[in-house]
Amino acid sequence: MKRRGFSLAIFAAIAALTLTGCGEEKKPEPVAAAAPPPPPAPMVVKIGHVGPLTGGIAHLGKDNENGARLAVEEANATGLKLGGKSVKLELITEDDQADPKVGTTVAQKLVDAKVAGVVGHLNSGVTIPASSIYNQAGIPMVSGSATNPQLTEQGFKNVFRVVGRDDQQGPAIASYLASEVKPKTVAVIDDATAYGEGLANEVEKTLKAAGVKVLPREKGTDKTADFKAILTKLKGKKPDAVFYGGMDATGGPLMKQGRELGIKAVFAFGDGACTDKMQELAGNSAEGLLCSQAGLPVQAANKKFLNAYKAKFNIDPILYAPFTYDAANLLIESMKKADSADPAKYLPELAKISYDGASGKIEFDDKGDRKDAEMTIFTMKGGKIEPIAIIKGGKTIKFEDFIKAAEAATPAEAPKAAAEPMKAEEPVKK
Amino acid sequence: MDIFLQQVINGLTLGSVYAIVALGYTMVYGIIQLINFAHGEVVMLGAMVAFSVIGALAGTTLPPLVIVLAGVLAAIPACMLVGYAMERVAYRPLRGAPRLAPLITAIGISIILQHVAMLVWSRSPLAFPQIIPLVRFYIGGAIITGVQIAIILTSFMMMGALTLLVYRTKLGIAMRATSQNPHVAGLMGIDIDRIISFTFIVGAALAAVAGVMVGTYYGIAHYSMGSLLGMKAFSAAVLGGIGNLAGAMLGGILLGVVEALGAGYIGDLTNNVFGSNYQDVFAFMVLIAVLVFRPSGLLGERVGDRA
């Protein structure tokens, strides 16, 4: 009995989706079809989430999934109505194993399952090939963590991201390095992934522009545990700073081994290695590292989100969860605005949305990138990642000043424009 | 010069780990001509068990050395058990089967062990508690840490002990006899099944120690760490001549040193056309070059003379 009701509901949802896809006139039909019997299960709208749930960064993938799940469950708890019918959202999660090949396979799987929208993927290298599959199917996709610029340079109208881009993040950490650490020589290492290499390229470009000497690129892989050979070679060239484009699972051992070899340089990382896990993986060696994250730090995500996440999953969010939470909420919010879960109908709403999310205010530019994304610089202090500066529009703002300004702005809500770091280019209508 | 010395030290450390893992491959191959692809997973399990024990004891007041030792002592029997069960369940029933069949079960066991580890110890990379204080010694400008010295010494001690076991004890004679001709050895009153089980158990014990070494050296353990390590160690065994104990030791150490030197100098030698990303390529190029001129490996002789 129960199962039949469920499959009926799915059938109804699929029918509704396909029918609404056909033309404007047919829209009332599914409404009429599903409305008469109110007690049966509500219409199901599927939202996909993809990230690596196995492999070296499965912990980050799970964190992403939790963020999306929280958004979906909150929406279900408050009750969602689209086109006059109550709607139940269903989160379908897939594992892409951080592998581009698997990524496209599961992307196709989600398309076949007729999801209304996708949150993900986590890795840039996986998101880019997957995005073209969603594009062909016309399904909106919002990534909470893919930072490689190429993602939104493909001209796809359905592709969005709520994090900054490497060509914003790279320059941010690099300019911070150049202005605060003032190195003469910098060694740049990457993990040979689209993310790591892309980030490292941007860092190298900015450093060179600032007149810093950059050593020939060294490379590991996203599974490398032994960096001693590379680090020993670098030690001979005496760099003042080392930048690594890669994730924490490899960045932690890298830094530990660097200190063991007696390298005194400042170690800097991108967002993938900007986690508290670095302290566990590298021990005391991690002290003093610098790293950047696109957007605002997890701690700076709004309290409501942090508390809800902790209450639901009994752990603190690690890294991108506020972003995937926002990504899922953006999909839901634009469905509400369009009063439809039909991708063709709510996509325009998504493109012009203005939304106050857990990671701050979100608006998209023409490419689908987040407008005016902040970058945060962190340091490892007493075993915890602590924000020290916010970089916005090329300007470095000390973190305390930023928080003070934000706090000064929030209670009143209205005179937000008065706060110094917030630029005056906010839209008039709110 | 100090950089060169440092690379050699790095390579030696890595190589001695390869060597003791390679011994496990080569012993099993020597006895039943099976490439036990699940051997890398045994190394991983060793690291995982040690991680749990060390993690549980890290808060106590016991000295770090005792805690690590407790980790090793817990990992060894656990891995021995896995090694024994593996042979009993997956390989023994297939002993008379065509050679591809046990190879496939070996791959299957490897996948199963990985996923069991994933379920038990989670998918996140596990950070070994950093309890061992960092001790540095300087040799002509190069740094060698206490952990590195311990790894190299332990490896050599274990290789020595294994050599004694194989060439100086009755059990060793039985192993060598079984490896030369199991049927005749059986006729001479040797319990073949027991000897084969024993070989797996010894290999697993070596793997357990290797797992703890890798875990404490890099400070990280992960359920998929065994596959690449196993692959490298297997290559080392082939490089030295699979089936040959001294060959596995030599091959392991050579592969480690070649890898370190390759990563360190390939960039400078080729004017940065090839970077350190060719580190693994470099190691395998050496392997191919050796196999072209000596198909049976550096010290191997027996390959091919058996039908």
Side-chain angles (χ1 to χ4, degrees), chain A residues 52-63 95 97 189-192 197 215-221 223-237 247-257 259-263 275-286 318, chain B residues 2-11 13-14 17 114-115 118 122-132 134 136 138 142-145 147-148 214-215 217-225 227-229 256 259-268 271-273 275-280:
Chain A
L53 301 177
T54 51
I57 51 165
H59 56 299
L60 300 180
K62 192 73 192 165
D63 186 47
D95 177 13
Q97 301 173 17
I189 311 174
D190 71 57
D191 67 355
E197 198 174 310
L215 295 172
R217 183 75 55 85
E218 299 292 338
K219 278 173 191 291
T221 72
K223 293 183 184 65
T224 303
D226 189 326
F227 285 100
K228 283 229 162 146
I230 293 175
L231 289 166
T232 301
K233 177 184 171 190
L234 289 179
K235 193 187 169 196
K237 321 231 165 188
M247 309 302 281
D248 54 5
T250 44
L254 174 110
M255 188 161 183
K256 177 171 181 261
Q257 290 164 28
R259 292 287 185 243
E260 271 174 18
L261 286 171
I263 296 179
T275 63
D276 286 340
K277 196 114 195 145
M278 290 295 284
Q279 144 75 15
E280 282 175 47
L281 291 170
N284 293 335
S285 308
I318 309 175
Chain B
D2 54 335
I3 296 296
F4 177 77
L5 199 61
Q6 185 70 58
Q7 294 290 25
V8 172
I9 292 172
N10 297 339
T13 318
L14 192 61
V17 176
Q114 266 197 34
H115 283 82
M118 188 183 90
S122 94
R123 332 167 201 239
S124 317
L126 305 169
F128 260 69
Q130 317 268 330
I131 46 169
I132 308 170
L134 180 60
R136 290 201 193 94
Y138 294 85
I143 294 171
I144 184 164
T145 64
V147 176
Q148 283 178 312
V214 177
Y217 184 41
Y218 298 127
I220 187 169
H222 188 248
Y223 76 91
S224 65
M225 66 189 271
S227 45
L228 188 64
L229 183 70
E259 228 183 85
L261 292 180
Y265 291 101
I266 193 169
D268 294 346
N271 204 13
N272 294 315
V273 177
S276 44
N277 44 339
Y278 287 87
Q279 173 175 9
D280 293 344

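Within every chain, numbering begins at 1; the chains are lettered A, B, ... in the order of the sequence lines, protein sequences first and strands thereafter. Heavy-atom basis, side chains included; hydrogens, waters and symmetry copies ignored. Keep in mind the model is a prediction, meaning the values are calculated, not measured.
Only the side chain of B/L14 comes within contact range of chain A, with heavy atoms under 4.5 Å apart. Residue A/E260 touches chain B through both its backbone and its side chain, counting heavy-atom pairs closer than 4.5 Å. Contacts of B/Y223 with chain A are made by side-chain atoms alone, with heavy-atom separations under 4.5 Å and no backbone atom involved. Heavy atoms closer than 4.5 Å to chain A are found nowhere in B/Q114, neither backbone nor side chain.
Contact between A/K256 and B/G219 at its shortest, heavy atoms only, is NZ-N, 3.8 Å. The two atoms that bring B/I3 and A/K235 nearest to each other are CD1-C, 4.3 Å, heavy atoms only.
The greatest number of non-hydrogen atom pairs below 4.5 Å with chain A, out of B/G11, B/P129, B/A127, is found for B/A127. Of the listed residues (A/I230, A/N284, A/L53, A/I57), the greatest number of heavy-atom pairs within a distance under 4.5 Å of chain B belongs to A/L53. Interface summary for chain B: among A/A225, A/A282, A/G236, the most heavy-atom pairs under 4.5 angstrom belong to A/A225. Highest contact tally toward chain B, considering only A/G283, A/G55, A/P52, is held by A/G55 [criterion: heavy-atom pairs under 4.5 Å]. When each of A/G220, A/G262, A/A192, A/G61 is scored by its heavy-atom pairs under 4.5 Å with chain B, the top score falls to A/G262.
B/S124 contributes atom OG, which lies 9.0 Å from atom CD of A/E280 (distance to the nearest 0.5 angstrom). Taking CG from B/L126 and CG from A/L281, the interatomic distance works out to 9.0 Å, rounded to the nearest 0.5 Å. Distance check, rounded to the nearest 0.5 Å: CZ of B/R136 to CZ of A/R259 gives 9.5 Å. Here the CD-OH distance, from A/Q257 to B/Y218, works out to 6.5 Å after rounding to the nearest 0.5 Å. Taken from CG in A/L261 to CD in B/Q6, the straight-line distance is 5.0 Å, to the nearest 0.5 Å. Atoms CD1 and OG1, on B/I9 and A/T232 in that order, are 9.0 Å from each other to the nearest 0.5 Å.
Counting only distance, with no hydrogens or angles, the side chain of A/K233 and the backbone of B/Q7 share no donor-acceptor pair below 3.5 Å. Under the 3.5 Å distance criterion, the side-chain polar atoms of A/K277 are matched with a main-chain donor or acceptor of B/P125.
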